[in-house]
Enquirer: 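Following this message is one structure expressed as structure tokens.
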Amino acid sequence: MADKIPFANKFLAEMYAGEVCDSVYDPEQAAKYYLKADEHGFLGRKGAWWLLNYYASENFQIDELEKDGLPASAGGMCGPLFSQIVDGLLPHL
């Protein structure tokens, strides 16, 4: 369904992030769907902050050496908005 209706990725991400119902909380699935939402331009600020907090809590290191590995660790789906945010943070790390 989410492939045919791209904005559904954002709603699925919010559901798995526990924003809709705690009983389906699955942060890995939430990250996957937030990244898919970003591919289609539906990530938004809230989703971007959630992803950054998720990667920080999972101890992902976002620096020049691992920046290229980030999309692979996220299932190869690092979208344009999230990539811009990561690029903007690199000078401050």
Side-chain angles (χ1 to χ4, degrees):
M1 178 180 88
D3 293 332
K4 294 182 180 182
I5 307 170
F7 64 85
N9 290 300
K10 181 177 179 181
F11 297 114
L12 289 168
E14 290 172 352
M15 181 183 75
Y16 284 116
E19 295 178 27
V20 177
C21 177
D22 289 336
S23 65
V24 294
Y25 180 73
D26 185 341
E28 284 185 32
Q29 284 292 92
K32 175 183 141 185
Y33 282 112
Y34 272 129
L35 289 169
K36 282 186 179 184
D38 188 24
E39 286 180 351
H40 298 286
F42 291 105
L43 180 62
R45 287 184 188 193
K46 187 176 180 181
W49 279 112
W50 189 94
L51 277 173
L52 287 174
N53 287 324
Y54 171 73
Y55 286 119
S57 71
E58 295 295 316
N59 293 321
F60 281 92
Q61 299 296 315
I62 302 174
D63 61 22
E64 284 294 341
L65 297 176
E66 294 185 31
K67 181 181 159 196
D68 294 332
L70 183 61
S73 66
M77 299 175 292
C78 195
L81 178 58
F82 190 64
S83 295
Q84 287 176 350
I85 291 169
V86 170
D87 289 343
L89 289 175
L90 289 176
H92 304 287
L93 297 176

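Position 1 is the first residue of the sequence; numbering continues from there. Note that the coordinates shown come from a computational prediction; the quantities given were computed from them, not determined experimentally.
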Enquirer: What residues form a side chain to side chain donor-acceptor pair (under 3.5 Å) with Gln29, not counting sequence neighbours?
Expert: none
Enquirer: Of the non-hydrogen atoms in Leu43 and Tyr34, which two are nearest, and what is the gap between them?
Expert: CD1-O, 3.5 Å
Enquirer: Could you work out, with salt bridge (Lys or Arg N to Asp or Glu O under 4.0 Å) as the rule, every residue matching Glu28, not counting sequence neighbours?
Expert: none
Enquirer: Taking Asn53 for its side chain and Trp50 for its backbone only, find out whether a donor-acceptor pair lies under 3.5 Å.
Expert: no
Enquirer: Please report the closest heavy-atom contact between Pro6 and His40, naming both atoms and the distance.
Expert: CB-CG, 3.5 Å
Enquirer: Taking all heavy atoms of Ala31 and all of Tyr54, pick out the closest pair and write down the distance.
Expert: CB-CE2, 3.6 Å
Enquirer: Kindly write out the residues that satisfy side chain to side chain contact (heavy atoms under 4.5 Å, CB included) with Phe11, not counting sequence neighbours, or none if the list is empty.
Expert: Phe7, Glu14
Enquirer: What about Val20 and Tyr25, same hydrophobic cluster or not, with Ile/Leu/Val/Met/Phe/Trp/Tyr joined at side-chain heavy-atom distances under 4.5 Å?
Expert: no
Enquirer: What's the shortest heavy-atom distance between Ala30 and Ala17, and which atoms?
Expert: CB-N, 3.6 Å
Enquirer: With sequence neighbours excluded, what pairs up with Phe42 under the ring pair (Phe, Tyr, Trp, His ring centres under 6.0 Å) test?
Expert: none
